[in-house]
Amino acid sequence: MNTSIDLDSTLFSGQTFAWVKQNGVYEAVVDKNLVSFTPESFDSLLQKHEALRHYFDMDWEYGKAESYLACLDDHLARAVKAFKGLHILNQDPWEVLMAFLLSQNNNIKRIRSMYERLSQELGTHVEGVWYAFPRPQELLGISESDLRRLGMGFRAPYLLDAIQNHEVLSGIADLGDDEASRALQTIRGVGPKVASCILAFAYHRRQAFPLDTWMLKVMQKHYPGRDASYFAPYAALAQQYLFHYERTQGGLL
DNA sequence: GGCCAGGCCCCAG
DNA sequence: CTGGGGCATGGC
C-alpha cells in the first residue's frame, strides 16, 4: 500500500530548495542522480533505490510523532491535520549549509533561484536542464568576486568561508546538539538559526528548533513564554508544521 | 518603483 | 549581553 508521506508539504515547506513539480511530476537532483517520479510511482521508486528511503526518512516514527503533536494543543492539531505526512528529509549537510547561508534576509523564491544558479553555473551536469549542486572540491578555485558576479551579494564571503572550512561538517555527526551547533557557528554567516536548520534538515536532530521571523510570530501568538522544550521530543517536526502552517494559512486565529 | 525578505555581523552602550 | 543599523539583490 502507499506510504503516508505527504510529498507536497515535505518537498515545498522550505526545508529543501532543490525540487520542482510540473504536471504532477516531482524532480530534483539527489546525490548526483536525477530523481523523477509521480505520486503513483513513488513506492516503486523507493523499492528500486534503497538510499531514497533514508532521504525521505521513511522509517522514522511519524505516526507516533503526529499523534503526540496533534494532542499537544489546538493550534498544532490544526497544523498536523492540514499537513499530515510532512516528513523531515535527510539531506546532504553541505547542500543544507549552503542553502541556508543563502536564506538570511532573503525570501524563499529567491533562495531557490540562487541555489539553482549555483548549481547551473558551478555544478556538474546531470542531464537535460539538471545540474548537481557543486561539491566543495569543485569550488576551491572560486573567488568572492566570482560569487558576487553570480548575484550572491553580501552572502558571498559567507559562502566562501563555508567552502574553505567545509571540513567542519565531517565532525558534526559525532557531537551532541549544543556542541554541534557551536561547531557549525564557527563558519562565518552561520548563526543559531542557520545552525539549527542544518541540524534539523541534514543531521536528523529532532530537538533542533529553527527560530526565524515566521516562527517568532507563531511563538508570540500561540506559545507565549514557551520554548522548544514544550514540543519535546518532537521539536523539529513541530517547527516544520508550524512554520509551513503559518506561511500557507496566514496564521488564521 | 519602493519595500522587504527562513539572519548575521559589527559596533555602541 | 543587549540593541539597532547595514547589508546585495530581485520578486512583488
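Chain letters run A, B, ... following the sequence lines, proteins first, then strands; residues in each count from 1.
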> Hey, would you say the A:Phe243 and A:Phe209 ring centroids sit under 6.0 Å apart?
Replying inline: no
> Reading nucleotides 6-12 of chain C 5' to 3', which nucleotides get B (base under 4.0 Å from a protein heavy atom), which S (sugar-phosphate only), which -?
Replying inline: -BBBS-S
>> Check this for me, if you would: do A:Arg135 and A:Glu95 make a salt bridge, where the nitrogen-to-carboxylate-oxygen distance has to be below 4.0 angstrom?
In response: yes
> Can you pull the contact range of chain A along DNA chain B, 5' to 3', using atoms under 4.0 angstrom from its heavy atoms?
Replying inline: B:dA5 to B:dC10
> Please walk me through it: do A:Asp57 and A:Ile5 pass side-chain contact (heavy atoms from CB on, under 4.5 Å)?
Replying inline: CA-CA 9 Å; A:Asp57 205 31; A:Ile5 186 172; over 6 Å; no
> Quantified in whole Å, what is the P atom distance between nucleotide C:dC12 and nucleotide B:dG6?
Replying inline: 12 Å
>> Would you call the rings of A:His204 and A:Trp60 parallel, tilted or perpendicular, taking 30° and 60° as the class edges?
In response: perpendicular
> Of the residues in residues 175-193 of chain A, which ones touch DNA chain C at a heavy-atom distance under 4.0 Å?
Replying inline: none
> Which dot-bracket string fits DNA chain B when only Watson-Crick or G-U wobble pairs with both atom distances under 3.5 Å count, crossing pairs get [ ], and | stands for a partner on a different strand?
Replying inline: .||||.|||||||
> Stepwise, does the ring pair (Phe, Tyr, Trp, His ring centres under 6.0 Å) test hold for A:Trp19 with A:Phe37?
Replying inline: CA-CA 11 Å; A:Trp19 290 86; A:Phe37 66 91; 5.7 Å; yes
>> Just verifying a value: how many Å separate A:Met152 CE and A:Tyr158 OH, rounded to the nearest 0.5 Å?
In response: 15.0 Å
> With a 6.0 Å cut-off on ring centres, are A:Phe56 and A:His87 close enough?
Replying inline: no
> Checking all strands, does A:Ser13 fall into the base, sugar-phosphate, or nothing category for heavy-atom contacts under 4.0 angstrom?
Replying inline: base
>> Once rounded to the nearest 0.5 Å, what's the spacing between atom CD of A:Gln207 and atom OH of A:Tyr234?
In response: 9.5 Å
> Would A:Glu116 and A:Arg112 satisfy salt bridge (charged side-chain N to carboxylate O under 4.0 Å, His left out), going step by step from the backbone distance to the final call?
Replying inline: CA-CA 6 Å; A:Glu116 185 181 331; A:Arg112 303 185 79 89; over 6 Å; no
>> Going by the rule salt bridge (Lys or Arg N to Asp or Glu O under 4.0 Å), which residues pair with A:Asp73 if we only count those two or more places apart in sequence or in a different chain?
In response: none
>> Tell me every residue that passes ring-ring contact (aromatic ring centres under 6.0 Å, His included) with A:Phe83, counting only those two or more places apart in sequence or in another chain.
In response: A:His244
> Which heavy atom in A:Tyr131 sits nearest to a heavy atom in A:Ser119, and how many Å separate them?
Replying inline: CB-O, 3.3 Å
> On a whole-Å scale, what distance lies between the P atoms belonging to B:dC3 and C:dG5?
Replying inline: 16 Å
> If you measure from the P atom in B:dC10 to the same atom in C:dA8, how many Å do you get, rounded?
Replying inline: 12 Å
> What are the two closest non-hydrogen atoms of A:Met215 and A:Pro210, and how far apart are they?
Replying inline: CG-O, 3.6 Å
